Protein chains: 4
Amino acid sequence: MAGNTFGKLFTLTTFGESHGEALGGIIDGCPAGLLIDLAFIQSELDRRRPGQSHIVTQRKESDTVEFLSGVFEGKTMGTPIGFIVRNENQKSKDYEHNIDAYRPSHADYTYDAKYGMRDHRGGGRSSARETVSRVVAGAIAKLILKQHGITINAYSSQVGDIKLLKDYHDLDLSKTDANIIRCPDALLADTMIQKIEQVRKAGDTIGGVISCVIKGTPVGLGEPVFDKLHADIGKAMLSINAVKGFEYGSGFEGVKMNGSQHNDLFVFENGGIKTKTNLSGGIQGGISNGEDIYFRVAFKPVATIMQKQNTVNSKGEVVEMTGKGRHDPCVLPRAVPVVEAMAALVLVDHILRNNSVLKKK
Amino acid sequence: MAGNTFGKLFTLTTFGESHGEALGGIIDGCPAGLLIDLAFIQSELDRRRPGQSHIVTQRKESDTVEFLSGVFEGKTMGTPIGFIVRNENQKSKDYEHNIDAYRPSHADYTYDAKYGMRDHRGGGRSSARETVSRVVAGAIAKLILKQHGITINAYSSQVGDIKLLKDYHDLDLSKTDANIIRCPDALLADTMIQKIEQVRKAGDTIGGVISCVIKGTPVGLGEPVFDKLHADIGKAMLSINAVKGFEYGSGFEGVKMNGSQHNDLFVFENGGIKTKTNLSGGIQGGISNGEDIYFRVAFKPVATIMQKQNTVNSKGEVVEMTGKGRHDPCVLPRAVPVVEAMAALVLVDHILRNNSVLKKK
Amino acid sequence: MAGNTFGKLFTLTTFGESHGEALGGIIDGCPAGLLIDLAFIQSELDRRRPGQSHIVTQRKESDTVEFLSGVFEGKTMGTPIGFIVRNENQKSKDYEHNIDAYRPSHADYTYDAKYGMRDHRGGGRSSARETVSRVVAGAIAKLILKQHGITINAYSSQVGDIKLLKDYHDLDLSKTDANIIRCPDALLADTMIQKIEQVRKAGDTIGGVISCVIKGTPVGLGEPVFDKLHADIGKAMLSINAVKGFEYGSGFEGVKMNGSQHNDLFVFENGGIKTKTNLSGGIQGGISNGEDIYFRVAFKPVATIMQKQNTVNSKGEVVEMTGKGRHDPCVLPRAVPVVEAMAALVLVDHILRNNSVLKKK
Amino acid sequence: MAGNTFGKLFTLTTFGESHGEALGGIIDGCPAGLLIDLAFIQSELDRRRPGQSHIVTQRKESDTVEFLSGVFEGKTMGTPIGFIVRNENQKSKDYEHNIDAYRPSHADYTYDAKYGMRDHRGGGRSSARETVSRVVAGAIAKLILKQHGITINAYSSQVGDIKLLKDYHDLDLSKTDANIIRCPDALLADTMIQKIEQVRKAGDTIGGVISCVIKGTPVGLGEPVFDKLHADIGKAMLSINAVKGFEYGSGFEGVKMNGSQHNDLFVFENGGIKTKTNLSGGIQGGISNGEDIYFRVAFKPVATIMQKQNTVNSKGEVVEMTGKGRHDPCVLPRAVPVVEAMAALVLVDHILRNNSVLKKK
């Protein structure tokens, strides 16, 4: 059973390889009557687009989305939304060295073993280029969330060992896109950028962490016991290329605490039930409690480096290879919109799921 | 859309509340002809059972599983396996104080808000008692994995700030169950146990981390792009009560590395393709590569504490409450078999999923 | 991928064999706050129960349902509803002749071939006894439909070649249960019963047709293009044991008509849009239009007959067999509540599905 | 929850409206290494294409499929296959009369009521033009079935009251495409064609029946208890536009028989277990038994007629309308490949499902 569909009620099914004709997808379950803001969708794509700055890959792609169905006179119709993004700048020749060698820490070997073949022109299906479809669908999900007053803000919070120590409450998240690393702390952003430049010059790459804050979530999203809201957010994040870890609320640090410190006491404020602290990360028992949802996502360093490495080919022979092509020294700047997109997909899916069990008067 | 089913081809659907008649579930998709080793299944339940030591809850439950279908003359038939575990020691009176007050960092408030009602006798559906059904299904999954030569070993690797620093290669995982905290390092186990005893005496609780190692996985499990093997394992772990984080392979630490350090170089050894290092954690591009899969799961401190706390009731009035009933000062000892069970469910599901696309000659 | 779950949002997963410990199921997605009318549920089970008259099997079963979860203080909680029905009157000895012979037109051979084994004590999983779980879930679905003003009435409309020619508008469907064949035309019912008695005395069986009428459906149920309302009703019916055909609205007869005769003209009546005729059967483009939904289901004659038949065993050897045990000469009387139950499951599922896409103001 | 995905393991998700930019779909779960025979796929599309004869709609469409992913060097890769078919001959003006009037027995009213809007340019999503995507996917499914030695042959067996009485054994199904109505009996085909011509001249339409025979199915396909093979085939057929009924094996006629007549006795022939007769239609207990699978599908007369009809608009006002545009007087000739395509999708899905539970040695 293949795994190219995400979500249960608001679903995205994607297709496309990095060096094929086009990528794209089908969004099914989008409510009718939603105004499709094409400029906004394109602006989200632009945040993920290659070539946007000197610290990302220089592949030239306009990443223009074409909607083929589901939208009529500017509005969704409740029917499936089909869309495509044409590949424009495939340089398959860059990958000829790659035809019969397994790039270290890439998916070449596992795809070959699983499917008995692979598209050796770049990552093929395993390329992060696939996330372009996620950003399209995520942008539509954001348009829905806007109607519900829900906002999602992701930002780079760590590059290598350069870590943003400030809590998100002490940051101005509207500043995230003010710099090319997408860190709302301008000073630290500079340090991060320098780090990436230095790494890139060395033909190397570096990992990092993206943090994300969701505000405005209503109480009640999440479906116990398996489809807890954070479990679905976690899966969404772990499905993004290069992700190695996910934590929400107090996360791994929280394990050091006692229950008496960790518990979020309920209080009654401004006519509603709130919690005094929010180590729970906005989710209790797998269901949103109305507080901010926040989480962190770990990204490994990009596997393609411009250095010589030994590897083997499909016959098991040792071969030497050096990365060619146009690659990201650090995925963070382009992954920020992808993290937001995937979070948006989960939230809309859970809004629809929660709707479905609404009691009829 | 409710979320009480886990898995796509090997599915577990569970039911039951902590203070209801019984818990149980249906396993669908179990291959026919599997010998059901009842003693093994019960031994797995015993590892999760309350009352097994002085550092876990003293609720008295035999946790005896009764199989109602799907097994004939000791073997599975390919038909759904229905099973129940009766509740024997509900003390609903312990929860009378709880009828109209929201316990801090529990799911009382969110359940009430979502469903318009809740079972106030203990956690109801949100209680970790639900995991008893996961252990039954996980034990059957382990029987299948055994036929494939796959082993899963989880262990407590951190209690509060007491952290096991040794790599799993330097541990004898067969020693995990030799002590009541289930840490394979006997010395550190003692320190952990003392910590828990101390916390319990203070009427408090403490968090921790469980590590898990899976050996013997074939190459090819995992279904890109959304149902990557680690994404499904991550969701499985995050669906367990009290979990706040998941990381696999190099995890959050790996973000500090350069690609040149992090890449796992391929080598040819003993007639097969292997990797020299394994920072990938046995999964590349979402597909198992045959190396060990290893991951870590963060558990928050148990929310029920034997101390006075302020909270509010459904009318928003401030009320004071003190935990009653029989609770775990630390979930780790009993969560170790749950982590293994959920990992086993994911692996069997992915074995069946991978089977489905096998090429016919 | 096993197939023991029905529905997408309101789901029923069943388990159990005819001669095992128990049958049962889990209903997931039932809205919270529904009053569970146990007497009504049991009365539905009684309509399906063996031994209810001399024209059905004389197996003695009380078919008492035990709810194990999901219901608290008489109301549903939004959590999964687990239930079991114990088998009380298995006479496995009746099937010893059957251990190694394939009963004609039963599932013995196909189960053996598919699973490599089978429960030879009666039909095992393939027995229509499994429908007891469907009736439990269907009864709960009916309680939900009642809140929406939707009623479902099935009745026997043909036994062998004895066919009820009256349109359902000319019948008093409240009279259906007034006789043991469940035909609302008392006179024809007598003829049908005589036919069945005669067939039974000859050690034979007979087929028939059940008709069903659903009133009060709102406009809008059904999810194009694959999950059209009639497609899901059709699948539901075809999943019932012994069913060979399904038609709705004008059905197979309608193919003889011209479009100008067949089209249902729209009119405006009593403040709403209605159709003048209803050859569409209440569904247009796969979506309910508010008119009555009506359909017919064909049941083959029961395969177990009290006559000698030649068959083969698993080695391919010819063996002679005569039916033993307690069997129905005609499935119709007991299948009427099953048809209603399956229709109810589909409707509730589609109400929830339709809810999920409701626009938020 | 929208319903635009068909299948569980071999899935087709479609998008597209009759007068939008393009139609298309994503096939997920297609095994890797399948040779894609583009000429064959196009030939299947040609069988469904408008304008192929004078008894079908004269809309001019080349119906050329463009594959965007999933195929590399002529073979499938195991990754999702995205494809589109551009609309070339939309004449939206033909539908201006239609903007605010509900065409009788079309989906205009139900779509409007369900989604709060609709694409008034032709049927939009409810148009049978959507089946173009089904034929693309069905053609790929047929390529897989060919490897398994499975053939599917559908043919027109009834137009209005002109009924083909011969059993399929007495027909040469290779002659089906020799005439424009696709009836393998040349003489009766002529009568059918005359009937359609006559109806068309009257500005009217006519219904019909398509029969289908599947040969070469292995024993074991079908997943009890809900996903019985015939239940999934039935749903597939009922999901096709204009279908009102489905029966397989003995169907509605079989209800008149006694069990002693209806039972298919097992025999041992040519080294295998076979049945003497095949009233079961190749499926027992929901699982294929290796005999021919055969079924019949009822199609209502096309709703668009070239005659004046009264209807209402969205305000409930009575309006008069006459069909414009280019329409089929009878769907049968173009529906034959659609029936085959949907049957092929079900079979491949069930082959993969059956694979998934294969026992490991």
Side-chain angles (χ1 to χ4, degrees), chain A residues 1-3 6 8 102 104-105 107 110 113-114 126 130 160-161 204-205 207-209 219-220 223 225-228 230-231 234-235 238-239 244-247 249 251-252 254-260 262-266 268 284-285 287 289 298 300-302 305 307 310-312 316 353 356, chain B residues 1-3 6 8 102 104-105 107 110 113-114 126 130 160-161 204-205 207-209 219-220 223 225-228 230-231 234-235 238-239 244-247 249 251-252 254-260 262-266 268 284-285 287 289 298 300-303 305 307 311-312 316 353 356:
Chain A
M1 185 189 204
F6 188 81
K8 296 285 175 81
Y102 297 134
S105 286
T110 51
K114 183 179 183 75
S126 74
E130 181 269 339
D161 52 9
D204 216 332
T205 60
V209 173
V219 190
E223 299 294 330
V225 294
F226 294 113
D227 298 347
K228 287 170 173 149
H230 60 267
K235 173 168 173 167
L238 289 158
S239 80
K244 303 299 284 185
F246 168 83
E247 59 179 3
F252 277 92
V255 309
K256 299 177 188 162
M257 299 172 83
N258 289 128
S260 56
H262 193 278
N263 281 355
D264 294 321
L265 301 187
F266 287 109
F268 192 79
Q284 292 179 325
I287 300 169
N289 67 356
K300 69 166 188 174
V302 173
I305 57 176
Q307 301 181 1
N310 280 337
T311 187
V312 300
R353 290 177 75 168
S356 73
Chain B
M1 185 190 204
F6 188 81
K8 296 285 176 82
Y102 297 134
S105 286
T110 50
K114 183 178 183 74
S126 75
E130 181 269 339
D161 52 10
D204 215 331
T205 60
V209 173
V219 189
E223 300 293 332
V225 293
F226 295 113
D227 298 346
K228 288 172 171 145
H230 58 269
K235 171 166 174 168
L238 288 158
S239 79
K244 303 298 286 186
F246 168 84
E247 60 180 2
F252 277 91
V255 309
K256 300 178 188 163
M257 299 172 85
N258 288 128
S260 56
H262 192 277
N263 281 355
D264 295 319
L265 301 186
F266 287 108
F268 193 79
Q284 292 179 326
I287 300 169
N289 68 356
K300 70 167 188 175
V302 174
I305 56 175
Q307 300 180 1
T311 187
V312 300
R353 292 178 74 168
S356 73

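Quick caveat, the model's predicted, so the values are computed rather than measured. Every chain is numbered from 1 and lettered A, B, ... according to where its sequence line falls, protein lines coming before strand lines.
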Could you work out, with side chain to side chain donor-acceptor pair (under 3.5 Å) as the rule, every residue matching A:Lys228, not counting sequence neighbours?
none
Would you indicate whether the side-chain heavy atoms of B:Lys235 and A:His230 approach each other to under 4.5 Å?
no
Does A:Thr110 reach the main-chain N or O of B:Gln284 with its side chain, forming a donor-acceptor pair under 3.5 Å?
yes
Could you tell me if the side chain of A:Phe246 sits less than 4.5 Å from the side chain of B:Leu238, heavy atoms only?
yes
Any residue meeting salt bridge (Lys or Arg N to Asp or Glu O under 4.0 Å) with B:Lys244, in chain and number order, not counting sequence neighbours:
none
In Å, rounded to the nearest 0.5 Å, how long is the span from OG of B:Ser105 to CG of A:Leu265?
7.5 Å
Ranked by heavy-atom pairs below 4.5 Å to chain A, first place among B:Lys256, B:Met1, B:Glu130, B:Glu247 goes to B:Met1
Winner by heavy-atom pair count (cut-off under 4.5 Å) against chain A, out of B:Ala113, B:Ala107, B:Ala298, B:Gly285:
B:Ala298
Side-chain donor-acceptor pair under 3.5 Å between A:Asp204 and B:Ser260, yes or no?
yes
When only pairs under 4.5 Å are counted, which of A:Thr311, A:Val225, A:Ile305 shares the most heavy-atom pairs with chain B?
A:Val225
Can a donor-acceptor pair be found, under 3.5 Å and without considering hydrogens, that links the side chain of B:His262 to the backbone of A:Lys300?
no
Scored by heavy-atom pairs under 4.5 Å with chain B, the best of A:Gly208, A:Pro301, A:Gly234, A:Gly316 is A:Pro301
Could you tell me whether a side-chain N or O of A:Asn263 sits under 3.5 Å from a main-chain N or O of B:Ala303, the two making a donor and an acceptor?
yes
Between B:Thr205, B:Val209, B:Asn258, which shows the greatest number of heavy-atom pairs under 4.5 Å with chain A?
B:Asn258
Side chain from CB out, backbone as N, CA, C, O: work out which of these in A:Val219 comes under 4.5 Å of a heavy atom of chain B, or both, or neither.
side chain
Taking all heavy atoms of A:Phe268 and all of B:Val312, pick out the closest pair and write down the distance.
N-CG1, 3.9 Å
